[in-house]
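Working notes, structure below.
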Amino acid sequence: MNASDLCKYLGEKVSLPEFKDFLSQNSVELPTELDLPEGEYNAYIERPDEGYSMVFTDEAVFLGNLSSGLADGELFFSGVFLYSEGKDGYKQFEGIMPQGLNFNSLSKDFISSFGKADWVRKRTDGSVAAERWDNVTDYRIHITYDKTTGCPSVISLNKPDA
């Protein structure tokens with residue numbers, strides 16, 4: 001999977017023909033795999049063997065129009081999680097990542113590329129647990145770091161709900 005190409009569809013409706021074609025070419029069949037559980041506003045398609053998980057959000061929540069009711073509208077592609085080896089039972093994502101992201105860099109490397117993070121969470125020992133950049137691209141980049149190596153364990157790319 002080319003995550004750079006996938007990220008072009010962040011914020012799009014799942015009914016967009018180009019998006020459906022892109023996913024189909026990557027062995028993701030929306031009609032059979034995408035199911036919004038009753039009472040929920042997020043649906044997931046997970047690929048642990050390929051190192052990623054996609055998130056789809058109900059239209060009412062994604063667009064901030066809660067008066068229309070849950071499950072009455074379309075789903076929007078709202079995010080993707082890219083995993084390092086062994087994190088949450090996933091294999092490492094081996095596809096193409098956007099923005100020069102990789103699983104071998106440290107926080108200082110991402111700050112060098114993206115600038116100061118918009119949000120940082122530190123551990124009690126002062127090490128960086130996670131960082132988020134809100135204005136680097138057309139989507140939000142959130143990186144969770146492994147406590148031992150300091151390298152990313154999960155990279156999340158998403159369009160925030162309205």
Side-chain angles (χ1 to χ4, degrees), residues 1-14 16 18-30 33-34 36 40-58 61-62 75-162:
M1 167 82 65
N2 182 328
S4 286
D5 288 344
L6 178 64
C7 286
K8 294 174 188 173
Y9 298 104
L10 281 166
E12 295 290 345
K13 294 178 179 182
V14 297
L16 182 71
E18 299 91 333
F19 181 46
K20 288 165 58 173
D21 289 346
F22 174 82
L23 291 177
S24 183
Q25 291 167 11
N26 285 279
S27 302
V28 177
E29 299 302 329
L30 288 178
E33 294 188 63
L34 190 57
L36 182 65
E40 298 290 327
Y41 58 88
N42 281 330
Y44 299 87
I45 294 179
E46 299 180 283
R47 292 289 192 273
D49 289 342
E50 296 175 46
Y52 72 93
S53 173
M54 295 182 291
V55 183
F56 301 86
T57 303
D58 181 80
V61 172
F62 188 75
L75 291 175
F76 283 72
F77 174 48
S78 57
V80 61
F81 295 94
L82 308 174
Y83 292 87
S84 66
E85 184 65 38
K87 180 66 176 170
D88 297 332
Y90 280 73
K91 292 190 178 205
Q92 184 158 309
F93 179 77
E94 298 292 341
I96 298 168
M97 288 200 256
Q99 305 294 325
L101 294 166
N102 65 72
F103 291 109
N104 298 316
S105 295
L106 302 170
S107 169
K108 66 180 179 66
D109 301 317
F110 294 117
I111 291 170
S112 211
S113 294
F114 303 142
K116 184 180 176 202
D118 294 294
W119 173 88
V120 178
R121 181 171 48 94
K122 293 193 175 188
R123 296 182 181 92
T124 55
D125 67 2
S127 65
V128 176
E131 293 175 300
R132 187 182 75 220
W133 289 266
D134 295 332
N135 298 310
V136 173
T137 62
D138 291 333
Y139 47 85
R140 180 183 286 169
I141 298 171
H142 182 277
I143 301 174
T144 303
Y145 297 98
D146 181 83
K147 187 175 185 172
T148 305
T149 66
C151 293
S153 58
V154 179
I155 297 172
S156 169
L157 311 162
N158 74 316
K159 282 274 192 177
D161 302 338

Next item on the list: Start with the C-alpha distance between Ile111 and Trp133, add both sets of side-chain angles, then the distance that settles side chain to side chain contact (heavy atoms under 4.5 Å, CB included), and finish with yes or no.
Entry: CA-CA 9 Å; Ile111 291 170; Trp133 289 266; 4.1 Å; yes
Margin query: Apply side chain to side chain contact (heavy atoms under 4.5 Å, CB included) to residues Leu75 and Leu30 and explain how you reach the verdict.
Written below: CA-CA 11 Å; Leu75 291 175; Leu30 288 178; over 6 Å; no
Checklist line | Verdict with reasoning, Val128 to Val120, per side chain to side chain contact (heavy atoms under 4.5 Å, CB included) | finding: CA-CA 7 Å; Val128 176; Val120 178; 4.2 Å; yes
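Under the 3.5 Å distance criterion, the side-chain polar atoms of Ser53 are left unmatched by any main-chain donor or acceptor of Phe81. Between the side chain of Asp88 and the backbone N or O of Tyr90 there is no donor-acceptor pair closer than 3.5 Å. The backbone N or O of Glu12 lies less than 3.5 Å from no partner atom in the side chain of Lys159, so there is not a single donor-acceptor pair. A donor-acceptor pair under 3.5 Å is formed between the side chain of Glu33 and the backbone N or O of Glu29. A donor-acceptor pair is defined here as one N or O able to donate and one able to accept, closer than 3.5 Å; no such pair exists between the side chain of Thr144 and the backbone of Ser153.
The CG atom of Leu23 sits 5.0 Å away from the CE atom of Met54 when rounded to the nearest 0.5 Å. The distance from the CZ atom of Phe56 to the CG atom of Leu36 is 11.5 Å, given to the nearest 0.5 Å. Taken from OG in Ser156 to OH in Tyr83, the straight-line distance is 8.5 Å, to the nearest 0.5 Å. With rounding to the nearest 0.5 angstrom, the CG atom of Leu101 is 6.5 Å from the CG atom of Leu157. Rounding to the nearest 0.5 angstrom, the gap separating the SG atom in Cys7 from the CD atom in Gln99 is 8.5 Å. Summarising the geometry, atom CD1 belonging to Ile141 is positioned 9.0 Å from atom CD1 belonging to Ile155; distances are rounded to the nearest 0.5 Å.
Residues in residues 123-134 take part in these salt bridge (Lys or Arg N to Asp or Glu O under 4.0 Å) pairs, two or more places apart or across chains: Arg132-Asp134, Asp134-Arg140.
Contact between Gly150 and Leu106 at its shortest, heavy atoms only, is O-CD2, 3.5 Å. Nearest heavy-atom pair across Tyr44 and Val55 is CE2-CG2, 3.4 Å. The two residues Ser107 and Tyr145 have their closest heavy-atom pair at CA-OH, 3.5 Å. Heavy-atom minimum distance, Pro48 versus Gly89: CB-O, 4.1 Å. Residues Phe93 and Met1 approach most closely at CZ-O, 3.4 Å, considering heavy atoms. Annotation for Asn104 and Cys151: closest pair O-SG, 3.7 Å, computed over non-hydrogen atoms.
The salt bridge (charged side-chain N to carboxylate O under 4.0 Å, His left out) check on Lys91 picks up nothing, with sequence neighbours excluded. Remark: Phe19 pairs with Tyr9, Phe77 by the ring-ring contact (aromatic ring centres under 6.0 Å, His included) rule, at least two apart or across chains.
Between Phe110 and Phe114, the two ring planes are parallel [angle under 30°; tilted spans 30° to 60°].
Within the 4.5 Å cutoff, no side-chain heavy atoms of Asn42 are placed close to those of Phe62.
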